[in-house]
Amino acid sequence: MPQLAYVNGQILPLASATLHVEDRGTQFGDAIYEVCAVLNGQILDWQPHLVRLRRNLAELGITLATADGPLGLQARRLIARNGHRECLLYIQISRGTARRDHAFPQGAPANLVMTVRRFDFAQRVRQLGSGIKVITRADDRWGRVDIKTTGLLPNVLAKQAAREAGAFEAWLVAGSEVREGSSTNAWIVKDGRIITHPTGTHILPGIARDSLIRMAREAQMVVEERAFTLAEARDADEAFLTSTTALILPVVAINGEAVAGGKPGPVTHRLAELVWNEVARQTGWRA
Ligand SMILES: Cc1ncc(COP(=O)(O)O)c(C=O)c1O
């Protein structure tokens, strides 16, 4: 079955699904996006993704004519037409197509694009046993990384550096403070306390982060939303990362040095149980 994509109201073969060369997303990175996990054909955390998408559009003053209901329906239709049970849904909305000029164009409707691609979530469950490695890079992004825009060049370069170092992720560090990964949120555990950078303008408010904080607190675990340093991370009892596509993964090395004895720890293990139980509750999917 050929892959299908959604472009401005139409579902087309991916190979012929295109935007105009003067799409503002291409020329200026003037676009926002979401990535959602789909398991058992069900979109995980759809409502929080929708809330963040709307907030990002509002922050940038992009108007999307499509209302929430039809957007969800079109996304589900695309998933069903592609026939994938486990996949990632990508949604991108740019300010539209217009003659190149920095200032906002008048009367150009937003461009809405959606794609899906197969994804192996069982691999994430397997990675819980081994954990993953991270490196660190300077956080040289702009000042509003809380807005999920397609302007991801620093993230791309950091992720590539991680790949070349044989690591899963690059943690972005400002001064001595660990902010987040290039596409994941960063966490440590010390003396039973679970610590992650607070929301604000220095990190992306991850959907997986938010949902884990809620679940951990419901389970009577202590979560501190505060900045932590690289030295604290090296000295932590455990470290891990979260995102829609990573779910939750233990970090066992930072810059080639073992964290927590180089093995996934019990708090991360307990949190992973909460995460995967929530996946099962929402979608019925089990590894
Ligand atoms: C910079 C950054 N931080 C954190 C995340 C995790 O966010 P979420 O949990 O919504 O996937 C992402 C996801 O792409 C990201 O790009």
Side-chain angles (χ1 to χ4, degrees), residues 25 29 31-39 43-57 59 75 87-93 115-117 119 121 124 132 134-163 167-174 177-188 194-216 223 225 227-228 239-249 251 271-272 274-276 278-279 282-283:
I32 62 114
Y33 74 102
E34 282 296 322
V35 178
C36 306
V38 178
L39 299 104
I43 306 174
L44 187 70
D45 292 329
W46 172 245
Q47 207 53 37
H49 279 287
L50 201 53
V51 168
R52 184 170 68 182
L53 179 148
R54 289 288 170 199
R55 174 188 176 262
N56 290 331
L57 289 174
E59 284 286 345
C87 60
L88 299 177
L89 166 70
Y90 177 78
I91 306 172
Q92 179 182 305
I93 301 160
T115 57
V116 294
R117 74 172 162 91
F119 192 75
F121 289 97
R124 296 297 186 230
I132 54 90
V134 303
I135 59 163
T136 58
R137 278 287 172 276
D139 188 358
D140 51 9
R141 299 173 298 165
W142 75 315
R144 290 302 309 276
V145 298
D146 55 311
I147 307 173
K148 198 167 169 63
T149 80
T150 58
L152 289 173
L153 190 52
N155 310 57
V156 166
L157 298 177
K159 187 74 88 185
Q160 180 61 20
R163 287 288 180 277
F168 180 88
E169 180 59 301
W171 276 3
L172 304 175
V173 179
E177 179 182 307
V178 177
R179 289 189 165 158
E180 62 178 336
S182 70
S183 65
T184 57
N185 289 111
W187 306 67
I188 58 170
I194 302 160
I195 304 160
T196 195
H197 198 289
T199 54
T201 53
H202 294 322
I203 66 159
L204 184 83
I207 302 299
R209 173 191 177 282
D210 199 48
S211 126
L212 187 62
I213 290 174
R214 185 178 36 75
M215 291 188 293
V223 181
E225 293 181 75
F228 60 87
F240 63 94
L241 53 78
T242 58
S243 77
T244 295
T245 57
L247 281 299
I248 176 169
L249 291 176
V251 171
L271 291 170
L274 296 178
V275 168
W276 286 104
E278 177 62 13
V279 167
Q282 282 190 42
T283 70

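Order of listing sets the numbers, starting from 1, for every ligand and every atom in it. Count residues from 1 along the sequence.
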Next item on the list: Sequence neighbours left out, what passes side-chain contact (heavy atoms from CB on, under 4.5 Å) with Ala162? Give chain and number order.
Entry: Ile135, Ala167, Ala170
Item checked: salt_bridge(Arg209, Glu180) N-O dist < 4.0 Å -> no
Note to self: Test of understanding: with salt bridge (Lys or Arg N to Asp or Glu O under 4.0 Å), list the residues that count as partners of Asp139, not counting sequence neighbours.
What the structure shows: Arg141, Arg179
Check: Got a salt bridge between Arg55 and Asp146, using NZ or NE/NH1/NH2 to carboxylate O under 4.0 Å?
Finding: yes
Checklist line | Nearest heavy-atom neighbours spanning Arg52 and Gly206 | finding: NH1-CA, 3.7 Å
Item checked: Contact residues of ligand 1 (heavy atom under 4.0 Å), by chain and number -> Tyr33, Arg52, Arg141, Lys148, Asn155, Glu180, Gly181, Ser182, Ser183, Thr184, Asn185, Leu204, Gly206, Ile207, Ala208, Ser243, Thr244
Notebook entry, point to check: Who are the side-chain contact (heavy atoms from CB on, under 4.5 Å) partners of Ala37, not counting sequence neighbours?
Noted result: Leu39, Leu44, Phe121, Thr244
